[in-house]
Amino acid sequence: MINIILCWGVTKIDTSNTSSNFIHNIIREDLKMNKYGGRVHTRFPPEPNGYLHIGHAKSICLNFGTAEEFGGLCNLRFDDTNPSQEDTEFVEAIKEDIRWLGFSWGDRLYYASDYFDQLYEFAVQLIKKGKAYVCDLTPEQIREYRGTLTQPGKESPYRNRSIEENLDLFERMKNGEFPNGAKVLRAKIDMASPNLNMRDPVIYRIMHEPHHRTGNKWCIYPMYDFAHPLSDAIENITHSICTLEFEDHRPLYDWFIDNLITGDKPKQYEFARLNLTKTVTSKRKLRKLVEKGYVSGWDDPRMPTLAGYRRRGYTPESIRDFCNRIGVAKANSTVDIALLEHCLREDLNAKAPRVMAVLDPVKVVITNYPEGQTEKLEAENNPENPAAGHRQILFSRNLFIEREDFMEDPPKNYFRLSPGKEVRLKHAYIIKCEQVIKDEEGKIVEIHCTYDPDTKSGGPAAGRKVKGTLHWVSEAEAINAEVRLYDYLFLDDEPEASTYCEVELEPDQEEDEDDFLSKLNPNSLKILKNCKVESILRDALPGSKFQFLRQGYFCADLKDHSPQNPVFNRIVGLKDSWAKAKQKK
RNA sequence: UGGGGUAUAGCCAAGCGGUAAGGCAUCGGACUCUGACUCCGACAUUCGGUGGUUCGAAUCCAUCUACCCCAGCCA
């Protein structure tokens with residue numbers, strides 16, 4: 001009986017692996033030239049300061065997928081160079097999400113903090129080469145000295161300290177002799193560079209802050225621009241893939257590599273991050289939704305986090321399929337969320353057992369069906385997968401159908417139940433509506449029908465055609481369930497776009513940052529308490545997924561579902577051409 | 001107005017000098033005991049604009065335009 005819940009279909013083999021994108025083209029070229037001796041080694045480098053979202057999934061699929069496709073390796077490396085932001089909670093969540101997506105880093109789990117000693121040594125080398133110096137300028141002064149987009153910067157008065165002095169000062173920075181912000185170590189490059197990243201960037205800052213992995217060992221921490229390329233080099237990364245905003249950091253990346261690394265040099269390539277319609281993906285904004293309680297947490301089923309999708313009922317296969325389909329390019333773009341949902345439905349259609357659930361029940365009485373009688377009917381579990389087998393459901397005189405499936409005064413193309421009309425009850429009989437019972441307020445409380453015993457599914461007269469087929473649950477077997485209908489958190493296609501016109505922007509416009517909150521969909525969650533569902537759902541395992549016939553895909557909630565209190569989340573609705581046709585009128 | 005990028009259909013996206021892949025969306029139609037699925041069909045005489053090179057240009061050259069990113073001791 002529980003078989004239905006476990007009969008998870010075969011995962012479709014993804015054959016779209018010969019993907020053509022500019023990064024793979026580069027790799028094919030590198031392979032042809034035997035660069036890196038034929039090695040392909042990538043890495044996924046999250047900062048453990050938040051949960052992974054759908055945008056990260058694109059990067060994970062690119063990095064792990066590329067390694068897989070070219071017979072290479074992909075490391076997981078936490079970019080944990082800023083202890084004030086980071087936490088092990090995020091480290092664990094990130095690991096779980098990557099595993100859930102189906103990728104494996106083998107034994108190659110690394111942390112930038114693993115390299116703090118080596119990075120310190122690299123910095124010392126730079127000083128010894130006269131290519132780095134300790135600078136006493138305040139943060140404000142550094143900003144002033146940096147110049148602007150159109151004007152060159154000025155050299156720091158500390159720029160020409162002797163190597164010995166720099167060495168001494170840097171060591172004393174490490175030893176904790178100076179307070180936060182008192183000094184920094186900077187690369188000595190070019191204050192007049194048109195690329196601001198090259199204007200003597202800070203590479204080490206003083207931060208008296210315990211680190212989640214190194215504890216109190218360090219009070220100076222390397223900056224991303226310094227730690228990242230060198231970590232790549234330490235791990236023998238060949239292709240270092242990141243997003244577009246780091247494009248003008250590439251000269252700096254190369255500068256550190258060229259000055260400190262011999263042998264194979266990792267190369268950085270940049271691709272456009274994912275944007276999704278009706279979705280916010282900025283870490284800051286997601287954090288806000290969580291912290292201000294607009295959602296129940298990072299794993300709220302409405303969140304575009306991987307934890308949220310998991311709780312919602314998305315399959316990892318569908319997310320990977322999506323990531324493979326959207327492509328990888330350098331043009332900023334916003335993918336229609338309809339594509340994600342398409343991938344989801346395609347996967348779930350093949351896998352999810354069908355079951356009947358009435359979300360907004362209205363009672364039907366089959367007046368010519370004997371009182372007290374019940375009978376077992378056979379129902380196929382998944383027409384897409386015969387191996388999923390059959391189950392038995394109970395029919396009885398009283399049953400429930402969807403309130404929406406009855407209309408007293410229907411339009412011409414209405415295939416469902418209405419007075420005097422016939423419909424088939426899925427897996428059961430054809431019934432005909434004879435009478436409508438209403439209460440004092442005119443609300444329909446019962447629909448009286450007769451059934452045609454000859455039309456039993458699979459029976460001799462079962463071939464008779466009627467236009468509509470309804471899902472139903474008999475009173476004899478129905479159990480109550482809570483159903484949570486989730487909708488988009490934002491209805492706006494681009495919730496992150498400012499509503500204010502750029503032209504009118506005044507200097508003082510801090511508040512715009514929270515603009516997106518005003519676009520929250522007030523109906524993103526609707527809770528239905530008295531749904532009638534097949535009794536088999538009582539035993540559904542948390543996280544198991546079903547198609548509620550004619551309605552959509554639903555998932556037994558990972559946290560709240562139990563046999564005593566069945567709770568189902570709507571993952572996504574079925575496509576509904578009837579609703580679309582209605583809307584057009 | 002400095003530097004770095006990007007422009008191919010409603011949305012993604014291939015294309016790499018030989019005459020515009022594919023997917024999503026949309027619109028028909030077939031099938032259907034899920035108005036689902038599936039299937040069949042339609043959907044860029046044109047690649048941001050303009051000039052040029054060439055027998056031939058989305059691809060090469062010139063120029064213009066639009067949009068994105070950069071002035072953290074964040075990543």
Side-chain angles (χ1 to χ4, degrees), chain A residues 16 19-21 25 45-47 49 79 81-82 84-85 135 137-139 142-144 146-153 180-186 193-199 201-207 221 223-225 227-228 242-251 270 272 274 277 283 322 325-343 345-346 349-350 354 356 380 383-384 413-416 423-428 430 455 457-458 462-471 493 547-552 573-581:
Chain A
S16 61
S19 59
S20 176
N21 66 55
N25 291 345
E47 183 187 14
N49 70 342
D79 230 318
T81 56
N82 185 353
S84 67
Q85 306 287 316
C135 181
L137 256 24
T138 65
I142 286 184
R143 195 186 329 120
E144 285 159 22
R146 187 155 33 225
T148 67
L149 294 178
T150 51
Q151 290 165 301
N180 287 352
K183 288 177 167 38
V184 291
L185 184 70
R186 301 175 71 177
S193 171
N195 181 344
L196 303 215
N197 294 304
M198 302 299 272
R199 319 240 264 228
V202 172
I203 60 183
Y204 261 95
R205 78 282 219 187
I206 298 169
M207 209 185 262
Y221 293 96
M223 299 289 288
Y224 166 88
D225 280 319
H228 196 76
C242 65
T243 43
L244 250 30
E245 67 270 27
F246 294 103
E247 222 154 6
D248 16 291
H249 293 236
R250 197 189 329 135
E270 310 86 10
L274 170 67
T277 58
K283 240 185 214 181
F322 171 74
R325 291 208 212 189
I326 55 178
V328 178
K330 299 197 68 156
N332 289 313
S333 62
T334 302
V335 176
D336 193 334
I337 196 165
L339 179 59
L340 211 211
E341 294 176 346
H342 169 82
C343 296
R345 290 192 186 103
E346 189 172 84
N349 178 51
R354 272 56 168 174
M356 296 198 283
E380 65 184 340
E384 304 291 328
N413 289 325
Y414 192 75
F415 299 164
R416 283 109 104 140
V423 292
R424 172 171 288 284
L425 294 180
K426 179 80 178 174
H427 305 308
I430 291 176
T455 58
S457 291
R464 183 148 72 89
K465 298 291 182 211
V466 285
K467 229 10 189 164
T469 300
L470 307 186
H471 62 275
D493 271 351
Q547 184 192 105
F548 286 3
L549 226 55
R550 300 210 304 136
Q551 301 193 107
L574 250 26
K575 284 216 270 182
D576 190 348
S577 59
W578 169 242
K580 199 181 283 177

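Model, not experiment: these values are computed from the prediction. Numbers restart at 1 for each chain; the letters A, B, ... are given by sequence-line order, proteins then strands. Just so it is clear, the values below take in all heavy atoms, side chains as well, and ignore hydrogens, waters and symmetry mates.
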(request) Compare side-chain N and O positions of A/Lys580 against OP1 and OP2 of B/U26 and report whether any pair is under 4.0 Å apart. (result) yes

(request) When you get a sec, tell me which of B/G3, B/A75, B/A36 is the closest nucleotide to the side chain of A/Ser577? (result) B/A36

(message) If you only use heavy atoms from C-beta on, which nucleotide in B/C70, B/C73, B/G15 is closest to the side chain of A/Ile142?
(response) B/C73

(request) For nucleotides B/U54 and B/A13, find the distance between their P atoms and express it as a whole number of Å. (result) 35 Å

(request) Between A/Asn195 and A/Arg205, name the one whose nearest nucleotide on RNA chain B is closer to the 5' end. (result) A/Asn195

(message) Whether A/Arg416 contacts B/U34 is assessed here as follows: a side-chain N or O lying under 4.0 Å from the phosphate OP1 or OP2. Is that the case?
(response) no

(message) Taking 4.0 Å as the cut-off, does a side-chain nitrogen or oxygen of A/Lys283 come that near to OP1 or OP2 on B/A75?
(response) no

(request) Run the salt-bridge test on A/Glu380 and A/Arg354 with the 4.0 Å N-O cut-off and return the result as yes or no. (result) no

(message) So, does A/Thr148 get its side chain near the phosphate of B/G2, meaning an N or O under 4.0 Å from OP1 or OP2?
(response) no

(message) Is the phosphate of B/G35 approached by A/Thr469 (side-chain N or O, under 4.0 Å from OP1 or OP2)?
(response) no

(message) Would you say A/Arg143 places a side-chain N or O within less than 4.0 Å of OP1 or OP2 belonging to B/G72?
(response) yes

(request) Would you indicate, yes or no, if B/A13 has its OP1 or OP2 atom less than 4.0 angstrom from a side-chain nitrogen or oxygen of A/Ser333? (result) yes

(request) Would you indicate, yes or no, if B/C73 has its OP1 or OP2 atom less than 4.0 angstrom from a side-chain nitrogen or oxygen of A/Arg146? (result) yes

(message) I'd like to check the side chain to side chain contact (heavy atoms under 4.5 Å, CB included) partners of A/Ala182; sequence neighbours left out, ordered by chain and number.
(response) A/Phe178, A/Pro179

(request) Please work out the stems of RNA chain B from pairs that are Watson-Crick or G-U wobble with both distances under 3.5 Å, keeping only runs of three or more consecutive pairs. (result) B:2-7 with B:65-70, B:10-12 with B:22-24, B:26-30 with B:38-42, B:48-52 with B:60-64

(message) Please confirm whether the shortest side-chain N or O distance from A/His471 to OP1 or OP2 of B/U34 is below 4.0 Å.
(response) no

